[in-house]
Amino acid sequence: MIRILVLCCLNLLCVIATPGADNLRLGRNVLPTFQSISLRLNAETPSYTGSTHIALEVKESTDTFRFHAEGVVLDKVRLSGPKGVVKVTTSTGAKGIVTAKADRSLPVGSYTLDIEFHDTFNTDAVGLYRMEKDGLSYAFTQFEADDAREAFPCWDEPEFKIPYQFIVSVPENQVAITNTLPEKETIEKGWK
């Protein structure tokens with residue numbers, strides 16, 4: 001009898017503890033399948049702008065889903081689905097978890113989420129940060145752990161491994177270096 005009571009108490013404790021842990025994890029009802037991120041960076045200025053296009057798959061009908069954008073200002077959010085544009089509102093909670101609420105239930109299917117945003121470069125060597133040395137300015141990224149969410153909107157959990165594409169625009173006199181070769185480079189109106 002004592003063993004059963006102890007096991008019941010442990011099971012209850014696990015059930016009670018689970019909702020708090022899930023609160024910081026993104027849901028699995030809406031999943032990203034591809035993301036394109038465009039960043040307009042000038043290391044000589046304190047802020048930057050960007051946009052992202054995310055292909056989504058709604059796995060079970062819902063009117064809300066969550067993603068990350070910690071400290072990033074969302075200027076415009078547009079959700080499109082099989083029946084056209086869906087009006088959404090967003091609110092940001094702990095750890096940069098953004099809740100997007102649609103004006104109606106989203107049926108199962110494919111959608112796209114387009115976001116225009118801006119942010120200030122971090123100066124603490126996390127996310128997308130900026131440093132100055134000997135009169136020169138540099139912008140770097142540090143996405144270790146959960147710091148990508150501080151640079152742009154994304155699904156910033158290890159479970160979400162999706163194909164993605166970066167388009168980085170910098171002033172013509174600056175250099176952008178990545179860990180892969182660029183697919184192509186163009187120059188237009190002083191930006192490359």
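Just so it is clear, the values below take in all heavy atoms, side chains as well, and ignore hydrogens, waters and symmetry mates.
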Check: [X] side chain, [Y] main-chain N or O, donor-acceptor pair, under 3.5 Å:
{"X": "Asp156", "Y": "His68", "answer": "no"}
{"X": "Arg130", "Y": "Ala43", "answer": "yes"}
{"X": "Arg28", "Y": "Lys59", "answer": "no"}
{"X": "Asp124", "Y": "Val126", "answer": "no"}

Are any of the side-chain heavy atoms of [X] and [Y] separated by less than 4.5 Å?
{"X": "Trp191", "Y": "Gln174", "answer": "no"}
{"X": "Ser47", "Y": "Phe121", "answer": "no"}
{"X": "Phe34", "Y": "Ile162", "answer": "no"}
{"X": "Gln35", "Y": "Phe152", "answer": "yes"}
{"X": "Thr52", "Y": "Tyr164", "answer": "no"}
{"X": "Pro153", "Y": "Leu74", "answer": "yes"}
{"X": "Tyr48", "Y": "Phe117", "answer": "yes"}
{"X": "Ile115", "Y": "Val72", "answer": "no"}

| message | Let's go through Leu56 and Leu79 carefully: what are the C-alpha distance in whole Å and the side-chain angles of both, what is the deciding distance for side chain to side chain contact (heavy atoms under 4.5 Å, CB included) to 0.1 Å, and is it a yes or a no? | response | CA-CA 10 Å; Leu56 300 174; Leu79 179 66; 4.1 Å; yes
Spatial distance of atom [atom1] ([X]) from atom [atom2] ([Y]) [nearest 0.5 Å]:
{"X": "Leu136", "Y": "Glu44", "atom1": "CG", "atom2": "CD", "value": "8.5 Å"}
{"X": "Trp155", "Y": "Leu26", "atom1": "CH2", "atom2": "CG", "value": "7.5 Å"}
{"X": "Glu116", "Y": "Thr49", "atom1": "CD", "atom2": "OG1", "value": "9.0 Å"}
{"X": "Asn42", "Y": "Asn173", "atom1": "CG", "atom2": "CG", "value": "8.0 Å"}
{"X": "Ile54", "Y": "Thr112", "atom1": "CD1", "atom2": "OG1", "value": "10.0 Å"}
{"X": "His118", "Y": "Thr120", "atom1": "NE2", "atom2": "OG1", "value": "7.0 Å"}

| task | Determine, using the 4.5 Å side-chain heavy-atom cutoff (strictly less than), whether Tyr129 and Phe166 are members of one ILVMFWY cluster. | result | no
| request: Run the numbers on Leu128 and Leu41 for side chain to side chain contact (heavy atoms under 4.5 Å, CB included), then give the verdict. | output: CA-CA 10 Å; Leu128 181 50; Leu41 310 173; 3.6 Å; yes
| task | Would you mind listing every salt bridge (Lys or Arg N to Asp or Glu O under 4.0 Å) that reaches into residues 172-184, with sequence neighbours excluded? | result | none
| task | Could you tell me how the ring of Phe67 sits relative to the ring of Phe65: parallel (under 30°), tilted (30 to 60°) or perpendicular (over 60°)? | result | tilted
| request: Output, in order, the C-alpha distance, side-chain angles, deciding distance and verdict of salt bridge (Lys or Arg N to Asp or Glu O under 4.0 Å) for Glu157 and Arg66. | output: CA-CA 12 Å; Glu157 291 179 8; Arg66 301 185 330 161; over 6 Å; no
| query | Is it the case that Ser36 and Gln165 place a side-chain donor and acceptor less than 3.5 Å from each other? | reply | yes
| task | Would you please say whether a donor-acceptor pair under 3.5 Å links the side chains of Ser105 and Ser61? | result | yes
